[in-house]
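Notes follow once the structure below has been shown.
Each chain gets a letter, A, B and so on, in the order the sequences are listed, and its residues count up from 1. Remember, predicted model here, so these are calculated numbers, not experimental data.
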Amino acid sequence: MRLTEVEAYQGQGEDPGSHAHRGRTARNAVMFGEPGHLYTYFTYGMHTCANVVCLPPGSAGGVLLRGAEVLDGLELARSRRTTSRGDADLARGPARLALALGITLDDGGADLLAGDAFTLDLADEPVGTVRTGPRTGVSGPGGDAAAYPWRFWLEGDPTVSSYRSAVARRRVAKA
DNA sequence: CGGACGATCCCCT
DNA sequence: GGGGATCGTCCGC
């Protein structure tokens, strides 16, 4: 598939939105390791998301895969994304993208440049107009998500997810 | 088309 | 003990 939307996360104490913000833990250890490897995390009790480690060992950094257009294996992707209402929705959103690829937590740490879970191909030239903006569902310092405009997407691509700002989750009173 | 809300579990403190 | 880099459904326009 063809990536259309990503977000960058740095950590190292300066990026509150990053899972590596508070230092190395068992969960985010992969982000402190070799670049080009897959960092997966589980969130909201049901979703898995995929990142590509992007900084040298010792420096935590990664890119969250947020959107993509499925080019090959359409039948397989559709079978895994039964709730999708159209091919543009197959990998529109980080959890959908991971599901369409068949990524699970067990794939964390896979060497993508070696094709362990899937192969990451980097384009040699620009593939379109790239736009940038605040990251989705993340609040920066002082609640200002725009402090780190590290969301990148292809302008006008139908497989780019719609922006959602960070919302305070409402607690459910236990009866 | 877009806003509101519940679901559900792994991981850190 | 509680938060969370989301999604799907419901509902109104």
Practice item. For DNA chain B, determine which residues of residues 45-70 of chain A have any heavy atom closer than 4.0 angstrom to one of its atoms, and list them numerically. Key: A/Gly45, A/Met46

Exercise for review: Would you kindly give the CZ-to-P distance between A/Arg92 and B/dC1, to the nearest whole Å?
Suggested key: 9 Å

Check your understanding: Roughly how far, to the nearest 0.5 Å, is the CG atom of A/Leu65 from the OG1 atom of A/Thr4?
Key -> 9.5 Å

Exercise for review: For A/Asp107, enumerate each residue passing the salt bridge (Lys or Arg N to Asp or Glu O under 4.0 Å) test, keeping only those at least two apart in sequence or located in another chain.
Suggested key: none

Exercise for review: Could you tell me the separation between the CG atom of A/Leu90 and the P atom of C/dC7, rounded to a whole number of Å?
Suggested key: 13 Å

Check your understanding: What are the two closest non-hydrogen atoms of A/Ala95 and A/Cys49, and how far apart are they?
Key -> N-SG, 4.0 Å

Exercise for review: Whole angstrom is fine here: how far is it from CG in A/Asp89 over to C1' in B/dC1?
Suggested key: 13 Å

**Study point:** A/Arg96 side chain to A/Arg92 backbone, donor-acceptor under 3.5 Å
**Key:** yes

Point to revise | Those residues that, when tested against A/Arg131, pass salt bridge (Lys or Arg N to Asp or Glu O under 4.0 Å) (two or more places apart) | key: A/Glu155

Review point. A/Phe32, A/Leu55: one ILVMFWY side-chain cluster at the under-4.5 Å cut-off?
Key: no

Which atoms of nucleotides 10-13 of chain B (N or O only) lie under 3.5 Å from a protein N or O atom, and what are those distances?
| from | atom 1 | to | atom 2 | distance (Å) |
| --- | --- | --- | --- | --- |
| B/dC12 | OP1 | A/Thr25 | OG1 | 2.5 |
| B/dC12 | OP1 | A/Ala26 | N | 3.2 |
| B/dC12 | OP1 | A/Arg27 | N | 2.8 |

Study note, to complete from the structure: Smallest heavy-atom separation, A/Met1 atom then A/Val70 atom, equals CB-CA, 3.8 Å

**Study point:** Rounded distance (Å) that lies between atom P of C/dA5 and atom CD of A/Gln10
**Key:** 17 Å

Review point. How close or far is atom C1' of C/dT6 from atom CD of A/Glu7, stated in whole angstroms?
Key: 12 Å

**Study point:** CZ on A/Arg80 to CD1 on A/Ile103, rounded to 0.5 Å
**Key:** 8.5 Å

Point to revise | Hydrophobic cluster identity match, A/Phe42 and A/Val53, side-chain contacts under 4.5 Å | key: no

Exercise for review: Please answer whether the main-chain N or O of A/Asp89 pairs with a side-chain N or O of A/Arg81 as donor and acceptor at a distance below 3.5 Å.
Suggested key: yes

Review point. Got A/Val130 and A/Leu154 here, is their nearest side-chain heavy-atom distance under 4.5 Å?
Key: yes

Check your understanding: With a 4.0 Å cut-off on heavy atoms, is A/Arg151 in touch with a base, just the backbone sugar-phosphate, or nothing at all?
Key -> nothing

Check your understanding: With centres under 5.5 Å and planes under 30° as the test, does A/Tyr44 stack with B/dA7?
Key -> no

Exercise for review: Using whole Å, report how far CZ of A/Arg81 lies from P of C/dT6.
Suggested key: 15 Å

Review point. Can you get from A/Leu122 to A/Trp153 by hopping between Ile, Leu, Val, Met, Phe, Trp and Tyr side chains that sit under 4.5 Å apart?
Key: no

Review point. Ignoring hydrogens and angles, are the base of C/dA5 and the side chain of A/Tyr41 linked by a donor-acceptor pair under 3.5 Å?
Key: yes

Check your understanding: Is it true that A/Val160 and A/Leu64 fall in one hydrophobic cluster, defined by side-chain heavy atoms closer than 4.5 Å?
Key -> no

Practice item. Enter the distance from A/Asp157:CG to A/Thr129:OG1 here, rounded to the nearest 0.5 Å. Key: 11.5 Å

Revision key, fill the gap. Rounded to whole Å, CD of A/Glu5 lies from P of C/dT6 at a distance of 10 Å

Point to revise | Duplex segments of DNA chain C, taken as runs of at least three Watson-Crick or G-U pairs that stay under 3.5 Å | key: B:1-7 with C:6-12, B:9-12 with C:1-4

Give me the distances for all protein-to-nucleotides 9-13 of chain C N/O pairs that come in under 3.5 Å?
none

